[in-house]
Amino acid sequence: MKKSFSWFHLMCAALLPLGARAATVDVDIKLVSADALEVSFTLPEHCTALAFLKDERGGQEIRAAWQKQNDCALPEGDQLKSAGACTARFRVPATMQKISGYPGSFPAPGGMYVHSSNYALADSCGPVTYRYHAADIVMDGHRYHDVATAPAATGGDTPAMLMLAPQANASLDYFDPRLSAATVAQIREVADGTIAYLSKQLPLAVVNRPVIAAIAASEPGGPNVGGDAGNILRLTLFNWPQATGPEENAKLTLLVSHEFSHRFQLRDAVDVYPDARLVNEGGAEFLRWLTSVQQGWLTRPEAAAQLDKALAECMLYTEGKSWRALTPRQIGSQRLEYLCGLPAYVYSLAARQGSGSALSRFDSFYHQLRQGRVPDFPQALECGDTANCKALVLPALLSSGATMEQQWNDLLPKTGLATLRPPSQALRDRMVLRAVVKLMADDCAGRSGTTETPQGIILDGMKVCKSIHQDSYATSIEGHPVFGDAAAGPAMTSACQTRHEVSFGLKDGGKLTVPCQSPYQFHTAFYAIDIDKALARLMRE
């Protein structure tokens, strides 16, 4: 039976048309101007529907901006529908908007950062080949001219930097000419320092330095940062001043060290874990935090303040839910994989049992993943190879039992590493922002949209709102500055309890009054880490 089955399939294959047996799909991504790509899909005969790998709402929103250039094919839902045997062409405008995953056409002076995942297709019609076209192409650690074919193994997951003119620089790194020399120097220092330190501390890791693409951009609000940690490491500096201060320098150091720390992890290998986002992002936060202390980019008090802030916001933003009760959307929208991930790594590794430093446990965990094993995450970090050891911290935090806040309140006193203290003004400001978000959600059928600025909060006007019908830039609450005033929170609570409304003073001189039925519950104390004791425990062998 086995032999006749094989011959049957061979005979059927011989009867197929040659084109059907040799069908391939070509995806060509061409830089045509400073503000647009032309993306073409060459489809074989009989290939009438191909699935996009970036699917659902995010993928569909991305493709909604594509402009059809001919009648070969059209994106419908999560598929590219076509009559087949033609080349579909689309104009893809440059955009700084990151809707889902890696951005697909992020503009930079003289060129564009692109990522093939935004154009990736399933291989149901045959192998898919991805090609980039531009005068100058940096991809997969090399420079090309005119055309470059992405590696077959990573074709649909390949970043590239496309330039309109050939580049004379020996370095593959791209630095936006609008960035100051001091900013470029800081990026280089932190990137090289992170790689050097972690390469020594994590000897089992296999690391290739990524290409840097540092791009200046604008968005509402003050200076801010963003990025992606692919083979081309995109660093975006929003509203970046030529002369930076301590706050901007701290943000830049955090961004660069975090993104370079990702190089010591395996993003795809941890996808098998239910808490993959926390494992990945929390791990990168832990590496950059510890590296920054050891390299002198963070003082110990600064490191303690960062950790305490992350823990406090983790407790605030989980909002009375256990970790398992949170949806991926809730976790992502509040960045809980970062905020809860950093303290989860720090406290669990500081409380680890047995010998070996915290970083050696981290190194061993990823070494096992590289060998194709799937170690238990809490057990690997807290116990390692220690016999008769049971992980305690991570299983409790990442459980479906008590709320995240209750778990922290139960665990932290047992560690001897943290004590309760009154909130800092920065945390009071966080709670004011959360109170505004709650007020807005109550007014807007559960929806909210806010942008924090140095002067206050911009509230997005929405049709579903009862009171907030247009964008409103609030600079005061009940006569107090939105941020930096310890009385703002109590004033909100008092107004809600006595008048059942909260009054905002607007930047344009106007006033906005929003109904309030139940006040936000402000916390009176948060945990502060004993940084010297914690670092000593993390570094002990």
Side-chain angles (χ1 to χ4, degrees), residues 173 175 179-205 207 209-210 212 214 223-227 229 233 235 237 240-265 281-312 338-339 341-350 352 356-363 417-418 424 426 528-541:
D173 292 338
F175 291 98
L179 297 175
S180 69
T183 292
V184 172
Q186 183 183 352
I187 292 172
R188 290 191 184 279
E189 176 192 352
V190 176
D192 293 341
T194 300
I195 291 287
Y197 177 75
L198 291 179
S199 293
K200 182 178 179 180
Q201 297 295 323
L202 306 174
L204 301 177
V207 178
R209 182 190 184 278
I212 297 172
N224 207 353
V225 296
L233 199 151
L235 307 172
L237 310 184
W240 211 249
Q242 287 294 299
T244 55
E247 187 174 346
E248 289 83 21
N249 292 337
K251 285 183 177 181
L252 185 57
T253 295
L254 188 155
L255 171 69
V256 176
S257 190
H258 175 95
E259 299 298 348
F260 269 84
S261 292
H262 272 308
R263 307 305 294 180
F264 293 83
Q265 299 174 286
E281 296 299 348
E285 273 292 89
F286 170 69
L287 291 183
R288 74 90 195 153
W289 180 84
L290 190 57
T291 298
S292 296
V293 176
Q294 298 301 105
Q295 292 291 95
W297 303 326
L298 279 180
T299 65
R300 291 193 170 200
E302 288 170 341
Q306 281 192 4
L307 182 71
D308 293 344
K309 180 175 181 289
L311 174 58
Y338 301 85
L339 299 176
L342 173 59
Y345 267 88
V346 170
Y347 282 107
S348 65
L349 284 168
R352 73 194 180 283
S357 71
L359 286 174
S360 69
R361 290 281 175 86
F362 192 101
D363 202 20
L417 293 174
S424 65
I529 194 167
D530 184 330
I531 190 65
D532 292 332
K533 186 184 291 187
L535 288 172
R537 289 195 190 178
L538 289 170
M539 300 308 294
R540 69 166 172 79
E541 292 293 338

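We're numbering straight along the sequence, starting at 1. Not measured: the values here are computed from a predicted model.
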Assess the residue pair L255 and L237 against the criterion (side chain to side chain contact (heavy atoms under 4.5 Å, CB included)); give the C-alpha distance rounded to whole Å, side-chain angles, the decisive distance to 0.1 Å, and a yes or no. CA-CA 10 Å; L255 171 69; L237 310 184; 4.0 Å; yes
With distance as the sole test, does [X] use its side chain to make a donor-acceptor pair with the main-chain N or O of [Y] at under 3.5 Å?
X: E248; Y: G245; value: yes
X: R288; Y: F260; value: no
X: K251; Y: V225; value: no
X: T183; Y: L179; value: no
X: D308; Y: I529; value: yes
X: D363; Y: L204; value: yes
X: W289; Y: A303; value: yes
X: S199; Y: A196; value: no
X: T253; Y: A250; value: no

Would you name the heavy atoms of [X] and [Y] that are closest together and state the gap between them?
X: F362; Y: F264; result: CE2-O, 4.3 Å
X: A229; Y: E259; result: CB-OE1, 3.1 Å
X: A350; Y: R537; result: O-CD, 3.5 Å
X: R300; Y: D532; result: NH1-OD1, 2.8 Å
X: L198; Y: S261; result: CD1-OG, 3.7 Å
X: S357; Y: S360; result: O-OG, 2.6 Å

Spatial distance of atom [atom1] ([X]) from atom [atom2] ([Y]) [nearest 0.5 Å]:
X: L252; Y: N249; atom1: CG; atom2: CG; result: 7.0 Å
X: L311; Y: L342; atom1: CG; atom2: CG; result: 9.0 Å
X: E285; Y: Q306; atom1: CD; atom2: CD; result: 7.5 Å
X: W240; Y: N224; atom1: CH2; atom2: CG; result: 8.0 Å
X: Q186; Y: T244; atom1: CD; atom2: OG1; result: 6.0 Å
X: Q201; Y: L287; atom1: CD; atom2: CG; result: 10.5 Å

May I have the step-by-step check of side chain to side chain contact (heavy atoms under 4.5 Å, CB included) for Y345 and L538, ending in yes or no? CA-CA 10 Å; Y345 267 88; L538 289 170; over 6 Å; no
I would like to know whether R352 and R540 meet side chain to side chain contact (heavy atoms under 4.5 Å, CB included); could you show each step before the answer? CA-CA 11 Å; R352 73 194 180 283; R540 69 166 172 79; 3.4 Å; yes
Salt bridge R209-D173, side-chain N to carboxylate O under 4.0 Å: yes
Pair T194, S257: side-chain N/O donor-acceptor within cut-off below 3.5 Å: yes
Any [X] side-chain heavy atom under 4.5 Å of [Y] side chain:
X: M539; Y: L290; result: yes
X: L202; Y: L359; result: yes
X: H258; Y: E281; result: yes
X: W297; Y: L254; result: no

